[in-house]
Amino acid sequence: MPAQTFKLVVLISGNGSNLQSIIDHIQAGTLDAGIMAVISNRADAFGLDRARSAGIEALTMEPGDYSSACDFDQALANTVSRYQPDLIALAGYMRILGAAFVDRFEGKIVNIHPSLLPKYKGLNTHQRVIDAGDAEHGASVHYVTHELDDGPIIIQRRVEISPHDTAATLQQKVHQAEHRIYPIAIQRIVTGEVNFNRIKPES
Ligand code: GRF
C-alpha cells in the first residue's frame, strides 16, 4: 500500500454489508483509501469473514474480556491507534464509543445510521418510521460526537415508503441506500471536500 494511502479502520459488530460496499468501492477504484484493519466487538460477526476474504487484517476485541467499559475503550483506542488511521468508519458497530475514545479521535470518526437524521436516533428505526406513518425514510452518514447519532451530517439518501412496506422491506431498501452513500461520504473526506468543521449536508 503506497505511503500516502488514506488509511481507514472499520469497526463492526455483525453482517458487515456496509464494510463490503466500502471494500468493493476501493477495489473498483471509486474510493481512494485502504482498510488497515477491521475490528469487531463480536467474534461471530460475518464482517470478519468478509474482511479476511479481501485480505484485510480482522480482529475481535470483546468487551467481556476487559474489567470495565473504560478499560475496553482504552484498549480499543490503543489498538486503533496502531494503524494510524486517517478515519475510523463505524459500519454497524452496535456499541456506544466512550467519551475518551471520541475525544482521542475527534473529527476522525464517521457512522452510518438507518434514518434521516435528526429523525429517529437510536435503534429500531424502521419500525418507528412505520408506526409514525411517515412517507419517507432513509440513511445518513455523519461525524461522531459525544451525543448519540448527533454529529454533523455528511450525506443522506431518501427512500420512499409504500403502503406495503414492513420493517423488513424497509430495512432492505435502506441498506441499499447505505451501500451507495457510505463510500461517497468517505471519498468526500478523502478528497478534502468535507471535513469535520466544513460540510455541506445534501440529500
Ligand atoms: C446498518 O443499517 C447501519 O446503518 C446500522 O447497522 C446496520 C449495519 O449493517 N448502524 P451491516 O452490518 O453493514 O450489514
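Residue numbers count from 1 along this sequence. Order of appearance sets the numbers: ligands from 1, and atoms from 1 within every ligand. None of the values given here were measured: they were computed from a predicted structure.
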Asks: Do L19 and ligand 1 have an N or O pair less than 3.5 Å apart?
Replies: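 There is no such contact.
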
Asks: Under 4.0 Å from a heavy atom of N15: give me the atoms of ligand 1 that qualify, with their elements.
Replies: 12 (O), 14 (O)

Asks: Could you tell me, atom by atom, which parts of ligand 1 come under 4.0 Å of a heavy atom of H113?
Replies: 4 (O)

Asks: For the residue pair N195 and Y143, confirm or rule out a side-chain donor-acceptor distance under 3.5 Å.
Replies: no

Asks: So for P114, does at least one of its heavy atoms come nearer than 4.0 angstrom to any atom of ligand 1?
Replies: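 It does, in that a heavy atom of P114 comes within the 4.0 Å cut-off of ligand 1.
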
Asks: Whether K173 and D165 form a salt bridge (side-chain N of Lys/Arg under 4.0 Å from carboxylate O of Asp/Glu) is what I want to check.
Replies: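 Yes.
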
Asks: Output yes when the distance from some N or O of ligand 1 to some N or O of H175 is under 3.5 Å, and no in every other case.
Replies: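 Right, the criterion is met.
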
Asks: Can a donor-acceptor pair be found between the side chains of D131 and Q127 at a distance below 3.5 Å?
Replies: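 Side-chain D/A pair, D131 to Q127: present.
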
Asks: Can you tell me the protein heavy atom closest to atom 6 (O) of ligand 1 and the distance?
Replies: G92 CA, 3.5 Å

Asks: I'd like to check which ligand 1 atoms, numbered from 1 as shown, lie under 4.0 Å from a non-hydrogen atom of S17.
Replies: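 Answer for ligand 1: 11 (P), 12 (O), 13 (O), 14 (O).
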
Asks: Please state which part of E178 comes within less than 4.0 Å of ligand 1, counting heavy atoms only: side chain, backbone, both or neither.
Replies: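 Looking at E178 and ligand 1, just side chain atoms fall under 4.0 Å.
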
Asks: Looking only at heavy atoms, which two atoms of L48 and L59 are closest? And how far apart?
Replies: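 Distance-wise, the nearest heavy atoms are CD2-O, 3.5 Å.
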
Asks: May I ask you to decide whether D86 forms a salt bridge with K108, counting only side-chain N to carboxylate O separations under 4.0 Å?
Replies: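 Salt bridge absent between D86 and K108.
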
Asks: Starting at NE2 of H142, measure out to CD1 of I154 and round the result to the nearest 0.5 Å.
Replies: 8.5 Å

Asks: Starting from atom 10 (N) of ligand 1, what is the nearest protein heavy atom, named by residue and atom, and what distance separates them?
Replies: I112 O, 3.1 Å

Asks: Using only heavy-atom distances, determine whether the side chains of T145 and D150 contain a donor-acceptor pair under 3.5 Å.
Replies: no

Asks: Give me the nearest non-hydrogen protein atom to atom 12 (O) of ligand 1 as residue plus atom name, then the distance to 0.1 Å.
Replies: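 Looking at atom 12 (O) of ligand 1, the protein heavy atom closest to it is G16 N, 2.8 Å.
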
